[in-house]
Engineer: 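The structure that follows is given in the form of structure tokens.
Counting convention: from 1, in listed order, for ligands and their atoms alike.
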Amino acid sequence: MVAEAPRARPARVILHLDMDAFYAAVEVREDQALAGKPLIIGHRGPRGVVSTCSYEARRFGVRSAMPSLTALRLCPQAVWLPVRMPLYAEASRRIRLILDDASPVVEPLSIDEAFLDLTGVVADLEGGRRVAAALKGRIRAEERLTASVGVAANKFLAKVASDLEKPDGLVVLADDAVPVRLWPLPVERLWGVGPRTAARLRAAGLRTIGDLARTPTAVLAGIVGQDGAAHLGALARGEDDRPVAPHRETKSISEERTYGTDLTDPEEIDRALLARSEGVARELRREGLAARTVHIKVRTGDFTTWTRARTLPSPTDLAEVIVRAARELFAGRIRLERKGVRLLGVGASGLEAPGLGQSRLFPDAAEERARRAARAADSVRERLGDGAITRARLLEAGAGRRAAGGARERPRDTKSARGAARSPRALGRDDR
Ligand code: TTP
Ligand code: MG
């Protein structure tokens with residue numbers, strides 16, 4: 001018998017797909033009269049923000065998350081439309097079915113983007129290119145929408161590649177093209193580099209990814225610390241071994257926090273209930289979901305843990321509604337006696353996607369206004385960042401989802417009920 005030679009890990013083929021001007025493109029599909037026009041999706045009022053806009057509007061400098069007033073000034077002739085989430089969620093679901101046909105390993109990142117692992121489906125990056133072209137073709141034919149796709153040996157490079165020739169792009173980024181295509185890009189394009197890190201790097205004269213790749217790790221460590229230097233150095237060299245984590249259906253969304261000092265002041269407890277409810281509501285909106293059931297979890301100073309749940313008359317994604325239920329549960333169903341609150345959590349389950357078989361999920365005008373305001377606030381927070389929110393997913397118990405290159409830390413005091421959910425905020429932001 002001949003001993004088997006140790007085998008190197010096979011090269012991977014990873015595909016990243018991101019729809020072009022997604023909400024705007026869906027609206028154009030619904031009304032061809034909008035084609036070719038500068039189109040802005042968002043609330044036009046004084047406190048509104050732009051969700052997205054057509055590429056025609058981008059020529060005037062309009063961008064996602066921009067205050068609507070700025071967009072109005074930059075492009076007064078633009079057509080404005082409100083966000084119609086059920087429509088986009090439905091398109092997203094159908095695109096997802098197309099992606100599922102191409103690979104058994106699909107990781108959706110947001111409503112309009114996903115990673116596919118094609119290792120084992122195709123032999124090499126050129127095989128990946130063929131799959132990419134076929135996917136774009138099907139999405140164009142069946143959905144009348146365009147997507148931009150990147151193919152590379154890892155998630156980071158695939159994501160960079162999909163963005164290089166947007167819209168309607170298809171870029172295969174081989175490792176040997178990293179110096180030409182990756183290195184000229186600004187450091188902000190790296191996962192984990194936010195405005196603060198970018199400013200620190202800039203102050204050290206490091207502006208491009210190439211600047212980082214050429215800087216010895218020891219020098220980089222002096223600027224961003226040991227871990228940061230290892231992480232950023234690897235990405236700058238085009239290395240990233242995070243796996244594509246296939247989608248698991250979200251069963252519940254929850255946020256809980258443990259306090260260093262037990263909470264005793266009723267007002268403080270109420271603020272905590274509100275903050276957790278807001279986090280959960282925001283995450284529901286981000287996922288395009290609404291919840292039928294609200295849970296609270298309370299651990300007192302003596303480690304007694306209480307969980308209580310209540311079903312709502314109709315599903316919601318609004319903090320006002322969630323906190324009302326959480327307050328009622330807390331006031332009516334928990335006996336604190338004189339003990340303080342050590343841990344407080346709010347959760348939502350019985351999740352449904354609005355618009356998928358549910359025709360009048362949000363029939364109320366006042367609620368719709370509240371939702372619009374909440375979404376506007378979401379966009380602002382998206383820019384400024386916020387605390388982590390955790391999700392418990394089906395099949396997730398025990399499956400650590402922390403991605404290898406994920407850089408961001410979950411706040412120590414926030415965790416998921418099942419202990420294995422990731423922080424979607426960290427992924428969402430780092431992935432941009
Ligand atoms: P993106 O993929 O970031 O943007 P996009 O698809 O509109 O444009 P492109 O990818 O071609 O650059 O986001 C997908 C959708 O998410 C977008 O159509 C609207 C929504 N969105 C917001 O509502 N607010 C935001 O701040 C961002 C960035 C996106
Ligand atoms: Mg997009």
Engineer: Just so I know, are the side chains of Cys53 and Arg58 near enough to count as touching, which here means a heavy-atom distance under 4.5 Å?
Structural biologist: yes
Engineer: Donor-acceptor pairs under 3.5 Å, side chain of residues 36-44 to any protein atom, not counting sequence neighbours: which ones?
Structural biologist:
| residue | atom | partner | partner atom | Å |
| --- | --- | --- | --- | --- |
| Lys37 | NZ | Ala33 | O | 3.1 |

Engineer: Measure Tyr55 to ligand 1 on non-hydrogen atoms and call it side chain, backbone, both or neither using the 4.0 Å cut-off.
Structural biologist: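 Only the side chain of Tyr55 comes within reach of ligand 1.
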Engineer: Show me which atoms of ligand 1 lie under 4.0 Å from any heavy atom of Thr52.
Structural biologist: 5 (P), 7 (O), 17 (C), 18 (O), 19 (C)
Engineer: Decide yes or no for Tyr88 and Glu27: does some side-chain heavy atom of the first lie under 4.5 Å from some side-chain heavy atom of the second?
Structural biologist: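 Yes, at least one pair of side-chain atoms sits under 4.5 Å.
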Engineer: Heavy atom under 4.0 Å from ligand 1: found in Arg58's side chain, backbone, both, or neither?
Structural biologist: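 Side chain only; the backbone of Arg58 stays clear of ligand 1.
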Engineer: For Arg94, is there an ion pair with Glu90 - N to carboxylate O distance below 4.0 angstrom?
Structural biologist: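 Arg94 and Glu90: salt-bridged.
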Engineer: At a 4.0 Å threshold, what atoms of ligand 1 neighbour a non-hydrogen atom of Asp18?
Structural biologist: 2 (O), 10 (O)
Engineer: Quick one: does Pro167 get a heavy atom under 4.0 Å from ligand 1?
Structural biologist: no
Engineer: Do His295 and Ser349 pair up side chain to side chain, a donor and an acceptor below 3.5 Å, judged on atom types alone?
Structural biologist: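 Result is yes, a qualifying pair exists.
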Engineer: When the ring planes of His16 and Phe115 are compared, do they come out parallel, tilted or perpendicular, using 30° and 60° as the limits?
Structural biologist: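 Plane angle between 30° and 60°, so tilted.
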Engineer: If you round to the nearest 0.5 Å, how far is CG of Leu87 from OH of Tyr23?
Structural biologist: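 With rounding to 0.5 Å, OH (Tyr23) is 11.0 Å from CG (Leu87).
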Engineer: Of Ala24, Ser64, Gly42, which has the heavy atom at the shortest distance from atom 27 (C) of ligand 1?
Structural biologist: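 Minimum heavy-atom distance to atom 27 (C) of ligand 1 goes to Ser64.
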Engineer: Which residue in the set Lys166, Lys155, Lys159 passes salt bridge (Lys or Arg N to Asp or Glu O under 4.0 Å) when paired with Glu113?
Structural biologist: Lys159
Engineer: With distance as the sole criterion, is a donor-acceptor pair present between the side chains of Asp20 and Ser148 under 3.5 Å?
Structural biologist: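 There is such a pair between these side chains.
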Engineer: Can you tell me which portion of Met19 lies within the under-4.0 Å heavy-atom range of ligand 1? Options are side chain, backbone, both, or neither.
Structural biologist: backbone
Engineer: Judging by distance only, is a nitrogen or oxygen of Ile111 under 3.5 angstrom from one on ligand 1?
Structural biologist: no
Engineer: Contact between Leu343 and Lys297 at the side-chain level, heavy atoms closer than 4.5 Å - yes or no?
Structural biologist: yes
Engineer: Looking at Phe22, which atoms of ligand 1 are within less than 4.0 Å of one of its heavy atoms?
Structural biologist: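 Ligand 1 atoms under the 4.0 Å threshold to Phe22: 5 (P), 6 (O), 7 (O), 18 (O).
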Engineer: Any N/O of Val50 closer than 3.5 Å to an N/O of ligand 1?
Structural biologist: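 So ligand 1 has no N or O lying under 3.5 Å from an N or O of Val50.
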Engineer: Provide the protein N, O or S atoms situated under 2.8 Å from the Mg ion (ligand 2); waters are not included.
Structural biologist: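 Protein N, O or S atoms closer than 2.8 Å to the Mg ion (ligand 2): Asp18 OD1, Met19 O, Asp112 OD2.
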Engineer: Considering the heavy atoms of Ala65, write down every atom of ligand 1 situated less than 4.0 Å from one of them.
Structural biologist: 26 (O)
Engineer: Okay, side chain of Thr215, backbone of Leu220: is any donor-acceptor separation there less than 3.5 Å?
Structural biologist: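 No; zero donor-acceptor contacts below 3.5 Å.
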